[in-house]
Amino acid sequence: MNDRQSATEQRFSSFSEFYPFYLEQHSNIVCRRLHVVGTSLSILTLIYLLVSQLWAFLPLALVVGYAFAWVGHFFFEHNRPATFTHPLYSLMGDFVMLRDVFLGRIKI
């Protein structure tokens, strides 16, 4: 197991402590792009399902987002998604990274 994977087992006391690790786990530009696409589609799916009141399909919003993200990790980043060990911080990281991309702080 390499250093990047073993770091996944770290404990973080706050999101601000976790986010630099999160960004390190998304250093590959294709992985970041897939996260942006997946998170954006997940948000759009969620909005559509809420407006249409198709409650049974709400899990689809998660599937859409994670499908893109996990392809990025397994095939381009070659690491284990932080979602497996830090699910809440990882989800927060997805949205913060998306915001940072839209604000031009992170390049894709």
Side-chain angles (χ1 to χ4, degrees):
M1 189 182 307
N2 65 35
D3 289 339
R4 290 175 68 184
Q5 289 173 320
S6 61
T8 306
E9 304 305 323
Q10 286 180 293
R11 298 269 183 208
F12 299 98
S13 58
S14 67
F15 177 73
S16 60
E17 188 179 299
F18 172 80
Y19 192 56
F21 166 73
Y22 176 90
L23 291 177
E24 176 186 307
Q25 296 297 297
H26 299 84
S27 60
N28 180 282
I29 195 163
V30 176
C31 183
R32 284 195 309 265
R33 288 175 180 165
L34 286 168
H35 272 69
V36 166
V37 169
T39 303
S40 299
L41 287 175
S42 184
I43 292 168
L44 292 173
T45 302
L46 183 61
I47 291 168
Y48 173 77
L49 294 174
L50 291 173
V51 169
S52 64
Q53 299 183 359
L54 295 171
W55 311 119
F57 293 97
L58 283 175
L60 181 63
L62 288 174
V63 171
V64 168
Y66 283 122
F68 281 89
W70 290 356
V71 165
H73 283 287
F74 294 130
F75 295 103
F76 297 97
E77 196 71 59
H78 303 290
N79 63 14
R80 188 171 158 222
T83 301
F84 297 159
T85 53
H86 305 288
L88 181 58
Y89 282 164
S90 181
L91 182 62
M92 291 168 61
D94 291 341
F95 290 107
V96 172
M97 186 170 69
L98 181 65
R99 180 205 65 195
D100 288 346
V101 165
F102 286 141
L103 292 176
R105 295 176 184 162
I106 296 176
K107 302 294 181 210
I108 61 164

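Worth knowing before you read on, the calculation uses all heavy atoms, side chains too, and leaves out hydrogens, waters and symmetry mates.
Minimum interatomic distance between Arg33 and Ile108 (heavy atoms only, all atoms of both residues): NE-O, 2.6 Å. Across Cys31 and Glu77, no two heavy atoms sit closer than the pair CB-OE1, 3.5 Å. The shortest heavy-atom contact between Ser42 and Ala61 is OG-O, 2.5 Å.
Two residues are said to be in side-chain contact when any heavy atoms from C-beta on lie closer than 4.5 Å; Phe84 and Trp70 meet this criterion. Residues Leu58 and Leu46 form a side-chain contact, since some pair of their non-hydrogen atoms from C-beta on lies under 4.5 Å apart. Here the side chains of Leu54 and Leu60 are not in contact, with every heavy-atom distance at 4.5 Å or above. The side-chain heavy atoms of Leu23 and Asp100, taken from C-beta on, include no pair separated by under 4.5 Å. Residues Arg80 and Thr85 have side chains in contact (heavy-atom distance under 4.5 Å, counting atoms from C-beta outward). Within the 4.5 Å cutoff, the side chain of Phe57 has no heavy atoms near those of the Thr45 side chain. Here the side chains of Tyr19 and Met92 are not in contact, with every heavy-atom distance at 4.5 Å or above. Using a 4.5 Å heavy-atom cutoff, the side chains of Phe102 and Ser40 are in contact.
In terms of hydrophobic clustering, with Ile, Leu, Val, Met, Phe, Trp and Tyr side chains grouped at heavy-atom distances under 4.5 Å, Val96 and Leu103 are assigned to different clusters. Cluster annotation: Leu44 and Val36 are assigned to distinct hydrophobic clusters (Ile/Leu/Val/Met/Phe/Trp/Tyr, side-chain heavy-atom contacts under 4.5 Å, transitive). Placement of Leu41 and Val63 in two distinct hydrophobic clusters is found when ILVMFWY residues are connected by side-chain heavy-atom separations under 4.5 Å, directly or transitively. Under the 4.5 Å side-chain heavy-atom criterion for Ile, Leu, Val, Met, Phe, Trp and Tyr, Val64 and Val30 are members of the same hydrophobic cluster.
Between Phe21 and Phe12, the distance from one ring center to the other falls under 6.0 angstrom.
Surrounding CZ of Phe75 are at most 12 heavy atoms belonging to other residues, nucleotides or ligands under 6.0 Å away.
Atoms OG1 and CZ, on Thr39 and Phe68 in that order, are 10.5 Å from each other to the nearest 0.5 Å. Taken from CG in Asn28 to CG in Leu34, the straight-line distance is 8.5 Å, to the nearest 0.5 Å. Here the straight-line distance linking atom OG1 of Thr83 with atom NE2 of His73 works out to 6.5 Å at 0.5 Å rounding. Here the straight-line distance linking atom CE of Met97 with atom CD of Gln25 works out to 11.5 Å at 0.5 Å rounding.
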Would you please test Trp55 and Leu50 for side-chain contact (heavy atoms from CB on, under 4.5 Å) and show each step? CA-CA 7 Å; Trp55 311 119; Leu50 291 173; 3.4 Å; yes
Dump the intermediate steps for side-chain contact (heavy atoms from CB on, under 4.5 Å) on Asp94 and Tyr22, then the final yes or no. CA-CA 9 Å; Asp94 291 341; Tyr22 176 90; 2.4 Å; yes
Test side-chain contact (heavy atoms from CB on, under 4.5 Å) applied to Ile106 and Arg32, step by step: CA-CA 9 Å; Ile106 296 176; Arg32 284 195 309 265; 3.8 Å; yes
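Ring geometry, Phe18 versus Phe15: the interplanar angle falls from 30° to 60°, so the pair is classed tilted.
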